[in-house]
Amino acid sequence: MSIQNELQATMQALVQKGKGILAADESGPTIAKRFKTIGVESTEENRRTWRSLMLTAPGLGEFVSGVILHEETLGQSIDDGTPLPQWAAQQGIVPGIKVDAGKIPLAGATGDEITQGLDGLAERLDAYKRQGARFAKWRAVYNVSDTLPSPLAVKANAEALARYAAICQERGIVPIVEPEVLIDGDHTLARCAEVTEAVLHAVFHALHRHRVVLEHMLLKPSMVVPGKTHVLQATPAEVAAQTIRILRRTVPAAVPSVNFLSGGQTPEEATANLDAMNRLGPQPWQLSFSYGRALQEPALQAWKGQAAHARNSQDALLERARLNSAACQGQYTAAMEAADPASRLA
Ligand code: 13P
């Protein structure tokens with residue numbers, strides 16, 4: 001298969017009505033933080049158990065078309081010995097891989113950060129592909145204040161995202177381009193909108209310069225929301241209106257799908273906000289999810305590291321996936337939350 005056909009086939013498998021992506025690619029320190037909340041030690045075996053539990057949830061493929069894995073998981077197997085990426089593929093869930101090497105302070109720009117991991121990326125992608133990965137993810141983060149992010153951080157991260165995306169496409173791997181405007185802080189909804197617009201504009205300008213084929217990539221942005229500690233929080237209708245306004249100004253119609261991150265929103269908020277956007281009527285792109293915490297949190301709390309809770313935990317994951325699938329189609333209502341098995345457990 002030619003590289004172009006390969007990318008097209010992966011896009012078709014990923015972009016499906018009513019389906020989104022499960023982000024299960026937490027770094028070592030992040031998964032340790034998540035496990036700590038349920039009193040579970042972050043060992044290689046516990047990480048394998050947890051990620052196997054999620055991926056063996058019966059029928060997950062009905063709502064989820066792709067999973068983003070950590071490099072470690074790519075080499076792990078479920079209990080019967082089937083490698084996790086192969087298992088996912090058998091469920092109709094395309095395996096992907098987080099390929100950035102995390103963020104560091106951006107030299108010369110106090111308070112800003114830059115994502116690293118470009119050196120040797122092409123060779124790493126070839127190896128990940130042999131293990132079954134068909135798409136990749138790279139996350140850039142932008143801290144928000146009255147002065148942050150600096151124009152330098154906006155430009156440097158856009159450049160890195162575009163170089164990553166171009167390298168991925170050259171290797172036949174679909175890139176997920178993830179610019180995350182952080183929710184931390186007390187900034188207003190309007191300030192988040194302003195920063196998101198500048199960030200997305202720079203990202204698409206860089207993608208164009210680097211000759212990235214927009215039809216063969218996914219955008220994974222943050223929604224336009226006020227800072228977590230801002231006194232005025234926003235309704236789903238406000239988040240939807242502002243997010244769509246900014247996306248329409250900055251994201252070319254050639255991009256097939258926008259799969260949001262949840263970024264610290266509660267599971268219910270992330271679902272309601274996605275639903276509100278899809279209720280605004282057809283957009284040039286599909287609007288879906290690529291949630292980590294907003295999909296995993298209730299399932300993690302139900303599991304608590306106990307094999308006896310595995311089935312309840314899987315039910316909680318399936319329930320969130322089902323609700324987000326409804327939100328992809330503008331068919332979610334808050335009343336559907338009452339049937340959430342995780343809340344029944346609480
Ligand atoms: P959250 O949905 O928890 O923000 O995770 C998505 C992700 O992949 C962050 O890089």
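Note that ligands are numbered from 1 as they come in the structure, with each ligand's atoms numbered from 1 the same way.
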Protein residue, atom and distance nearest to atom 10 (O) of ligand 1, heavy-atom basis: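 Looking only at protein heavy atoms, the one closest to atom 10 (O) of ligand 1 is K137 NZ, 2.6 Å.
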Identify, by atom number and element, the atoms of ligand 1 in contact range of [X], meaning under 4.0 Å from any of its heavy atoms.
{"X": "S262", "result": "1 (P), 2 (O), 3 (O), 4 (O)"}
{"X": "Y291", "result": "2 (O)"}
{"X": "E178", "result": "7 (C), 9 (C), 10 (O)"}
{"X": "G263", "result": "1 (P), 2 (O), 4 (O)"}

Ionic contact status for R51 with D25, cut-off 4.0 Å: no
Nearest-option assignment for atom 7 (C) of ligand 1, heavy atoms, candidates Q265, R139, E180, K220: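 The residue whose heavy atom sits nearest atom 7 (C) of ligand 1 is K220.
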Among K137, K103, K98, salt bridge (Lys or Arg N to Asp or Glu O under 4.0 Å) partner for E178: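 The option that passes is K137.
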Test item, A294 contacting ligand 1 (heavy atom, 4.0 angstrom): no
contact_flag Q296 ligand 1 heavy-atom lt 4.0 Å: no
Polar proximity ligand 1 side, L261 side, N/O cut 3.5 Å exclusive: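 It does not: no N or O of L261 is found under 3.5 Å from an N or O of ligand 1.
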R293 N/O to ligand 1 N/O under 3.5 Å: yes
